[in-house]
Amino acid sequence: GEDVEQSLFLSVREGDSSVINCTYTDSSSTYLYWYKQEPGAGLQLLTYIFSNMDMKQDQRLTVLLNKKDKHLSLRIADTQTGDSAIYFCAESIKGNTGKLIFGQGTTLQVKP
Amino acid sequence: DSGVTQTPKHLITATGQRVTLRCSPRSGDLSVYWYQQSLDQGLQFLIQYYNGEERAKGNILERFSAQQFPDLHSELNLSSLELGDSALYFCASSFPTGGGGITGELFFGEGSRLTVL
């Protein structure tokens, strides 16, 4: 079946790098996503990676995809207090990139 | 601001009641999706509409129904409410690329928080 797993909590110091990890089960996933949810807000797409890519970099964000191990990671360089939020990993189901399977979310706490 | 508008933002009701949640997608977006976020189930896909027609169904209860109107806004109807229906209900929209595919990006509204007492 389809399942996405994430660790629930990560705490880092301001200026450090954060790495949030995710594993998924559906090898036919077309896209894999990272969403950010701040308190009282909806989900904001941070970045996504197509399943035939290994890496994608976008400013402070680096996404690594290990398709063999079905492992996805999000690295945030120079983490700031404004990065404190819940980060969701999600995979799309083949044939419908709007039907997303989300992980439970990782709460990132950034300490000054 | 994602451009997706959801109303009401908060709703408190009693068990057994019926509520309607409304979503206005981004201008030009043809697809609307409903997701439920609860503490025990996390974020779950409920249903998708594309240009007025149901396109995909997820873990949506039979007590729940949705529709998309000609002006592309959508409503999610929740009936015979139970305590476990308390959750944050998100609407998202997207614009399809050529061939009926999706851009890969959903734009989420801020959600409607439903509390069932």
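Since we're looking at a predicted model, the values are computed, not measured.
Side chain of B:S93 to backbone of B:V32: no donor-acceptor contact under 3.5 angstrom is found.
Only the side chain of A:Q37 comes within contact range of chain B, judged by heavy atoms closer than 4.5 Å. With a threshold of 4.5 angstrom between heavy atoms, A:F50 does not approach chain B through any atom at all. In this structure, chain A has a heavy atom under 4.5 Å from the side chain of B:Q37, while its backbone stays farther away. Contacts between B:I47 and chain A at a heavy-atom distance below 4.5 Å are absent for every atom of the residue.
Relative ring orientation between A:Y33 and A:Y35 is described as tilted, the plane-to-plane angle lying within the 30° to 60° band.
Between B:Y33 and B:Y49, the distance separating the two ring centers is not shorter than 6.0 angstrom. Here B:F45 and A:F102 keep their ring centres 6.0 angstrom or further from each other.
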